[in-house]
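Starting from 1, each residue takes its place in the sequence as its number.
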Amino acid sequence: MDPWDVKLVKNGALDAAIPGGHDAALLVLEGSVTVNAPQRIEEAGLAPLGHDGELVEIRADAESKVLLLSGVWLGEPVVQHGPFVMNTSAEIYQAIKDFQTVRMRQLT
């Protein structure tokens with residue numbers, strides 16, 4: 001499933017099916033929404049969603065802009081530190097070291 005950048009009017013709704021084998025998350029960029037009632041997510045909030053073909057129901061409590069993301073679950077361990085996400089603590093350490101020594105390329 002490609003990411004969806006969605007604008008919803010107040011009381012607007014979106015129903016989206018999460019593909020089988022995918023996990024999903026919803027980021028509220030503006031406004032507030034209710035997801036799979038009664039979970040309310042405010043602006044700048046992130047909510048993990050269902051997976052494996054689950055239907056996600058999004059209702060706008062106010063004019064809102066949301067980003068719906070999904071991806072295949074890789075079944076690998078995840079270690080996160082700051083902006084770095086790797087599979088092991090050793091990889092995190094190396095990523096931080098690479099960043100500090102400017103081994104990573106600058107994004108332009």
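In the hydrophobic clustering, Val72 connects to no other residue, as no ILVMFWY side-chain heavy atoms lie under 4.5 Å from its own. Counting side-chain heavy-atom gaps under 4.5 Å among Ile, Leu, Val, Met, Phe, Trp and Tyr, the cluster of Val85 also holds Val78.
When atom types are taken as modelled, the side chain of Gln94 and the backbone of Ala90 share no donor-acceptor pair closer than 3.5 angstrom. The backbone N or O of Ala37 lies less than 3.5 Å from no partner atom in the side chain of Thr34, so there is not a single donor-acceptor pair.
Under the rule for a side-chain contact (heavy atoms from CB on, under 4.5 Å), Val9 has no partner lying at least two apart in sequence or in another chain. Take Ile92 and apply the side-chain contact (heavy atoms from CB on, under 4.5 Å) test, not counting sequence neighbours, and it matches Val79, His81, Phe84, Met86, Ile96. With sequence neighbours left out, Gln80 forms a side chain to side chain donor-acceptor pair (under 3.5 Å) with no residue at all.
The closest side-chain heavy-atom distance from Val35 to Leu49 is below 4.5 Å.
The OG atom of Ser64 sits 9.0 Å away from atom CD of Glu42, with the distance rounded to the nearest 0.5 Å.
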**OP:** Output, in order, the C-alpha distance, side-chain angles, deciding distance and verdict of side chain to side chain contact (heavy atoms under 4.5 Å, CB included) for Ile58 and Leu8.
**Re:** CA-CA 9 Å; Ile58 303 166; Leu8 296 167; 3.9 Å; yes
TODO: Assess whether side chain to side chain contact (heavy atoms under 4.5 Å, CB included) is satisfied between Ile41 and Leu26, documenting all intermediate values.
DONE: CA-CA 9 Å; Ile41 307 167; Leu26 181 75; 4.1 Å; yes
*Working for side chain to side chain contact (heavy atoms under 4.5 Å, CB included), residues Leu14 and Trp4*: CA-CA 11 Å; Leu14 170 68; Trp4 292 5; 3.7 Å; yes
Given the rule in the side chain to side chain contact (heavy atoms under 4.5 Å, CB included) test, do Leu29 and Leu27 qualify, once you have shown the distances and angles that lead to the verdict? CA-CA 6 Å; Leu29 302 172; Leu27 175 62; 3.6 Å; yes
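Listed by first and then second residue, the salt bridge (Lys or Arg N to Asp or Glu O under 4.0 Å) pairs that reach into residues 57-66 are Asp15-Arg59, Arg40-Asp61, sequence neighbours excluded.
Under a hydrophobic-cluster definition in which Ile, Leu, Val, Met, Phe, Trp and Tyr are linked whenever side-chain heavy atoms come within less than 4.5 Å, directly or via other members, Ile18 and Trp73 are assigned to different clusters.
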